[in-house]
Structures are given as C-alpha cells and as structure tokens.
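Computed from a prediction, not measured in an experiment: that's the story for all the values here.
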Amino acid sequence: MAGVVPPEAAKATATEQAAPEKVDYLNLPCPIPYEEIHREAMMSLKPDLFEGFRFDFTKGLNPQFALSHSVSMGVAEIPSQSSETIKIPSAQYEFGVNFMDPKLMLFGRLLTDGRLNARAKWDLTDNFSFKANGLLTGEPHMSHGMFNFDYKGSDYRAQFQAGSGALFGANYIQSVTPHLSLGGEVFWAGQHRKSGIGYAARFNTDKMVATGQVASTGMVALSYVQKVSEKVSLATDFMYNYMSRDVTASVGYDYLLRQSRLRGKIDSNGCVAAFLEERLNMGLNFILSAELDHKKKDYKFGFGLTVGQ
C-alpha cells in the first residue's frame, strides 16, 4: 500500500504540472541583432556558392594576428539583353590580414583588380560597440563606407547607421516574451532622396525559428526553420515585392555529419543548389558547390580547398 498515491495528492501533482510557467517580464533574454533575424534561414538557404576553383590558405602568426591568401579561377558574368548568361574566364588573387582581440577585430582584403575591402569591430564597453566597413576601388562612384553604432541592453538592441551617399538608418528590437521579439527600422538615403520604414517579428524555441519582415520599399520576407534533430534542420522562405510583383519561395535542408556539412535548396524559379564541406584532416577542408538554373539554362559547378584555421 506504500506505493499507492492518494487521489488528492495525484490531483495536486497533475495541477502543478498543468500550471503554465510564470514569465518574468523584467528578466527577458536579449534578442539577436535586427539585421540577423533571418540568420538560421540564411545559413541553410544561402551558402557561399561559387563557380570554378577556389583555394583559401590562412596562416596564424600568433593568437591575434593571421595572414590569408585566396586564389579563385572561374568565370565572370557579362550582362546581356538575351535570356542566356554570357560568361568569360576570370581569375583573381586576394591577400588578407586579420587581427582578432577580445575587444577589437580588424580585417583587410586586397584584390588584384585594385579593390581594397576593410572591416572593423570595436567593443567599447560590454554594451556598446562600433563597427565599420569600407570598399575602395578605382571605378567611379563605387567606393563606399558604412559605420554602425550598436547598443546591447538586457532585453533589447538598438543600432544607428551612417554611410556614404548621405545614408542614415536606425533600428530597434525588443523581447516582449521569452520567445517573441519585435522590432522596427527607419532609413534615409539622401543621395537618392528616398526614405523607408520597416517592421520585423521573430519567434523562436529550441526546435524552431519563425520570422517575418515587411518594409515600405515593397519587401515582404518570411522564413521558417525547423530543427528535426541535432544534425538535421529544414528551412523555407518566402520573398515578395509588392512594388515589382516579384515572388520567390524556396525550401532547403542543413545536414551535419561527423566530418562534413551538406546544405541544399530548391526555389520556385527552378533553381537547385547544393553545397558540401568535407573535413579531410585537421585544418584541411574540401568544398563542392553546384547550382542549376534550368529556367535561365545557367549551370555552375565549383570545387575548392581550405587550408588553415
């Protein structure tokens, strides 16, 4: 009789289990940055696809300083009035310098065509950080720069942006429940005399992430990622522009194996893509990339090696 639970005790236990968890609205989690609300879907549906051959080598000189070398051989696409894409052979070399410190990160890239790309991130305090990126090129009106000032609160994030061409913007995202965050953004492009406003929502749990974004520029973006297991995720997104009436939907997957990662997608335009990263040895990765656009009759295949950290 010692193992028999009295009816009153069993009823009390069931009531405790059915009671909803009390939410402490004064201790909500900090949301992810506004510009990264589609992060999980982007990682699965938009891998770094390329065509031809690519070789990347990174050598660490000390824990903070590293040099990188990248060689790519492929094709360059030339705009044409026909539906078919015109391609010409192309090759380039890229030299990079990386400096990484707990509070300061600097990245620089110099290409053989004369372009110089630089990025910086400086954590001024635990809550306030400064980011900058710029591109210098010999082509007229193609050089640009952007500066971001980010503030991270206990349950919110705010960002102010200023860039070349009299571009100014600001965004804010706030956690309203432990799983739901809401945000908005405004921008002004002085060079083009255009302004805009946008709103976004993100709902996430341990097993799924759902996001929605709409802007006055005509853009509507929806995405959903479902974590099937520790190694498999499924993703889908929907892009619509009510100004141009362009609609694109895609579904994809992200599969993590013991020494490789496979990502793929198919969209409503008939474009199929796959990206494989295989770890051959410590510091040595093999990459395969493929993209088939049956509508445009454009087929891209690439392979490469990544050596170093």
Side-chain angles (χ1 to χ4, degrees), residues 31-39 41-42 46 48-50 70 72 76-81 85 90 92 94-99 104-124 127-152 156-174 182-200 202 211-221 223 237 239-246 248:
I32 68 172
Y34 185 89
E35 66 269 21
E36 298 181 16
I37 61 170
H38 300 286
R39 180 171 57 189
M42 294 287 287
K46 300 187 184 300
D48 187 16
L49 300 171
F50 64 97
S70 178
S72 61
E77 297 184 357
I78 304 299
S80 64
Q81 297 180 352
T85 304
S90 175
Q92 68 178 11
E94 178 183 284
F95 173 73
V97 179
N98 305 330
F99 178 82
L104 178 64
M105 292 187 292
L106 303 172
F107 304 94
R109 297 290 184 269
L110 179 62
L111 285 76
T112 51
D113 59 5
R115 287 181 296 166
L116 175 62
N117 194 348
R119 293 183 294 127
K121 183 178 183 295
W122 184 16
D123 294 329
L124 302 174
N127 302 99
F128 187 71
S129 63
F130 168 76
K131 293 186 292 186
N133 64 79
L135 174 66
L136 295 178
T137 177
E139 301 180 17
H141 310 294
M142 295 302 294
S143 299
H144 61 82
M146 178 69 73
F147 303 94
N148 296 342
F149 303 89
D150 299 327
Y151 185 81
K152 177 184 177 182
Y156 68 92
R157 289 179 185 264
Q159 182 185 78
F160 175 75
Q161 301 171 330
S164 55
L167 176 63
F168 299 96
N171 60 65
Y172 178 87
I173 187 168
Q174 170 78 56
L182 303 175
E185 65 174 340
V186 294
F187 73 88
W188 163 254
Q191 184 175 358
H192 303 286
R193 299 293 179 179
K194 292 184 178 181
S195 62
I197 187 172
Y199 305 95
R202 174 184 167 96
T211 61
Q213 190 174 9
V214 61
S216 59
T217 56
M219 183 269 295
V220 177
S223 68
D237 71 348
M239 304 291 292
Y240 173 62
N241 190 311
Y242 58 81
M243 298 290 189
S244 61
R245 304 298 181 182
D246 292 333
T248 303

Roughly how far, to the nearest 0.5 Å, is the CD atom of Gln213 from the CE atom of Met239? 8.0 Å
Rounded to the nearest 0.5 angstrom, the CD-CG distance for Glu94 and Leu111 is 4.5 Å
Trace of the side-chain contact (heavy atoms from CB on, under 4.5 Å) decision for Arg39 with Thr211: CA-CA 10 Å; Arg39 180 171 57 189; Thr211 61; over 6 Å; no
Side chain of Ser164, backbone of Gly145: donor and acceptor closer than 3.5 Å? yes
Can you establish whether the number of heavy atoms outside Lys152 located under 6.0 Å from its atom NZ is more than 12? no
Arg193 and Trp188, any side-chain heavy atoms less than 4.5 Å apart: yes
What's the separation between atom CD1 in Ile197 and atom OG1 in Thr217, rounded to the nearest 0.5 Å? 11.5 Å
Contact check, side chains of Met219 and Tyr240, non-hydrogen atoms, under 4.5 Å: no
Could you go through the side-chain contact (heavy atoms from CB on, under 4.5 Å) check for Lys46 and His38 one step at a time? CA-CA 11 Å; Lys46 300 187 184 300; His38 300 286; over 6 Å; no
Testing the basics here: between Tyr172 and Ala158, what is the closest heavy-atom pair and its distance to 0.1 Å? CD1-CB, 4.0 Å
How many angstroms lie between atom CE of Met42 and atom CD of Glu36, to the nearest 0.5 angstrom? 10.5 Å
Cut-off 3.5 Å, side chains only: do Arg119 and Asn98 have a donor facing an acceptor? no
Heavy-atom pair of closest approach, residues Ile37 and Arg202: O-NH1, 2.8 Å
Rounded to the nearest 0.5 angstrom, the CD-OH distance for Glu185 and Tyr199 is 10.5 Å
Angle between ring planes, Phe128 versus Phe149, binned at 30° and 60°: parallel, tilted or perpendicular? parallel
Note, Arg115 side chain near Gln92 side chain (heavy atom, < 4.5 Å): yes
Atom pair CZ (Phe95) and CG (Leu116), whose distance is rounded to the nearest 0.5 Å: 11.5 Å
Answer yes or no: does atom CH2 of Trp122 have more than 12 heavy-atom neighbours from other residues, nucleotides or ligands under 6.0 Å? no
Would Phe160 and Phe168 count as a side-chain contact (heavy atoms from CB on, under 4.5 Å) here? Give the steps. CA-CA 8 Å; Phe160 175 75; Phe168 299 96; 4.1 Å; yes
So, for Ala132 and Phe147, which heavy atoms are closest and what is the spacing to 0.1 Å? CB-CD2, 3.7 Å
Is a side-chain N or O of Ser216 found less than 3.5 angstrom from the main chain of Gly196, in a donor-acceptor match? no
Given Gln161 and Asn148, is the side-chain contact (heavy atoms from CB on, under 4.5 Å) satisfied, shown in steps? CA-CA 5 Å; Gln161 301 171 330; Asn148 296 342; 3.2 Å; yes
So which heavy atom on Ser129 is nearest to which on Lys121, and how close? CB-NZ, 4.4 Å
Nearest heavy atoms of Leu135 and Met142, plus distance in Å: CD2-O, 4.1 Å
Hey, does the side chain of Arg157 reach the backbone of Asp150 with a donor-acceptor pair shorter than 3.5 angstrom? no
